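These numbers come from the heavy atoms of this one structure, side chains and all, not from hydrogens, waters or symmetry mates. Both ligands and their constituent atoms are indexed starting at 1 by order of listing. For clarity, every value in this text was computed on a predicted model and none was experimentally measured.
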Amino acid sequence: MINKYGHILLVVTLAFMVACAPKTRDDDDRGDDDQGMHTDAADDPNNGFIDAAIVIDASPIDAGNVYPDANHGTLDGGCTAATCSMPVQPGCGATEICNNGSDDNCDGRVDENCRCEAGAVQECFANPPGYRHKGACMDGHQTCEGSGEFTHWGPCTGGITPHPEACDNLDNDCNGCADDNPECCEVNLTCPSTMPDGQPFQDYVINGTNFYMGTDVTNWRWTVTGGPCDQLLAPSVSYTLNGVATNTVQGANTRVLTFRPTLSGDYTVNVKITLTSGEVLECTFIVHIAGPGLRVELCWDTTGEDDIDLHLHKPGTTTPWFTPNGTGLGTSNNDDCYYTNCKATSFDPAPNWGYANSPLAECVGGPEGASWQALGYCRNPRLDLDNIFTVGKPENINVDKPDNNKTYRVAVHHYSGSGPSHPLVNIYCGGHLLGTYGRAPDLVPGFTAGGSRGSGPLWRVVDVKTFVNAAGETTGCDLTPLNPPGQTSGYYVTCGGNATCSNNAY
Ligand SMILES: [Ca+2]
Ligand SMILES: [Ca+2]
Ligand SMILES: [Ca+2]
Ligand SMILES: [Ca+2]
């Protein structure tokens, strides 16, 4: 096995906090258990509120209030429990509308029987469309599976679906009303519906006190679920929690959670708060990690065994990958951003594609943060890490401010090891996952014989055309997955399974 070189890891803490107002409690709701024979004016002698909605309780169940009094179904000050006066309608239709991410016909499948572009990722909601983007409901993602003409949308996973209404200050069933549940007259849990965006390689800190202020807690249990590479690399990915702290996770069983995402995309966070009474309170929400510009991410299922490398080609050029002859150090092709020239510590000169450097904050938290700190800036393009034999680490190439309307080509090379390996590439534009290539069930073939520098399997993945506004912000991308020449389906891999073969054509 050939180890190309070592690398340096620096951990820097950049924390930010989440502010939430404490929940108002209906503390004087005690004694409000009107048993049916009292006027409301006398009902709550201590709270100074008159239950205008309930004039006289003529029966054990309040007129105009479907909930029995034993469940505190009144409208005292601070109590929000009630029916939802104008609940959102499910909005189910007769036919499915293609490629809108909604389950228009409410058959539990999103955009079924619709053609799509292989590897494309879209936001989706596999519940009645009327509840989409309402209350606590959040979209998940689905990937276009198959190849060529035979494509279909895979399952819609992630996001937050409608749940039974819990007393947490959120509209969990997404019917337009928060806490419309008679149990919710005393709400002391405040779950967040939105969270501030985070950045890759920067600590994200969540203070559970913002959700539950009580001191009667025996345990905080946090779990975080990430995107395609996180799921492929689990359980070795760095933020894995469930009480097992790793070198980049603090507070897995404490009130304050700190996690450090290595990737862009949506992270689903769940916290279970166990009280001394045995009751378990729970919040689930999504933290969006939004790396700027174009981010290309590579992971593979045999990290620690195989050395696989990510390459990005300069727009408007079609020179061969590596070097014209595919060999030799000190002769990198600077149209190709890869491990010999694009890291902070690369031994060849950095490619100059005409981009300004980025502030140090964009990369100082990454694997080679110390080296970027020594330089004083973050280069564009840049490779954050060349993972050779480390288990569970992805590689990223970033262009923080790419060109508008220009096309970047992505490639993956098998350097060493015999696999069989299954590389997975994700494309993020402006912080949003727009494409994923090589994910099951559409695995990439041929990564069974690494070929060292300039030979062996080479997969040309996708052409990415970036769209950038006048402020330099990436607003989107067009993705064109690459097929073998003359074909309309299949992955474009040359020298598959052959370590001595060389084909480094663009
Ligand atoms: Ca459907
Ligand atoms: Ca649809
Ligand atoms: Ca509701
Ligand atoms: Ca709720």
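- Here Glu282 contributes atom CD and Phe211 contributes atom CZ; the two are 12.5 Å apart, rounded to the nearest 0.5 Å.
- At a cut-off of 3.0 Å, measuring from the Ca ion (ligand 1), the protein N, O or S atoms that fall short of it are Glu96 OE1, Asp103 OD1, Asn105 OD1, Asp107 OD1, Arg109 O, Glu112 OE1, Glu112 OE2, waters left aside.
- For the Ca ion (ligand 4), the neighbouring protein N/O/S atoms at less than 3.0 Å, given as residue and atom, are Glu165 OE2, Ala166 O, Asp168 OD1, Leu170 O, Asn172 OD1, Asp179 OD1.
- When the salt bridge (Lys or Arg N to Asp or Glu O under 4.0 Å) test is applied to Arg132, the partners found at least two apart in sequence or on another chain are Asp139.
- With a cut-off of 3.0 Å, the Ca ion (ligand 3) has no N, O or S atom of Cys84 in range.
- Side-chain contact of Asn127 with Thr161: a donor-acceptor pair under 3.5 Å is absent, judged by distance alone.
- Using modelled atom types, one finds a donor on one side chain and an acceptor on the other under 3.5 Å when comparing Thr209 with Asn207.
- With ring centers used as reference points, Tyr491 lies 6.0 Å or more from Tyr437.
- Looking at heavy atoms from C-beta onward, Pro128 lies out of side-chain contact with Asp103 at the 4.5 angstrom threshold.
- Residue pairs meeting the salt bridge (Lys or Arg N to Asp or Glu O under 4.0 Å) criterion with at least one partner in residues 115-125, sequence neighbours excluded, do not occur; the list is empty.
- You'll find the side chain of Tyr408 stays beyond 4.5 Å of the side chain of Asp463, heavy atoms only.
- Checking side-chain atoms of Trp300 against main-chain N and O of Asp306 turns up a donor-acceptor pair under 3.5 Å.
- Geometry note: the Ca ion (ligand 3) is the vertex, Cys177 O and Asn175 OD1 are the arms, and the angle is 90° (rounded to 10 degrees).
- Under a cutoff of 6.0 Å and an axis angle of 45°, Arg295 and Tyr428 do not form a cation-pi pair.
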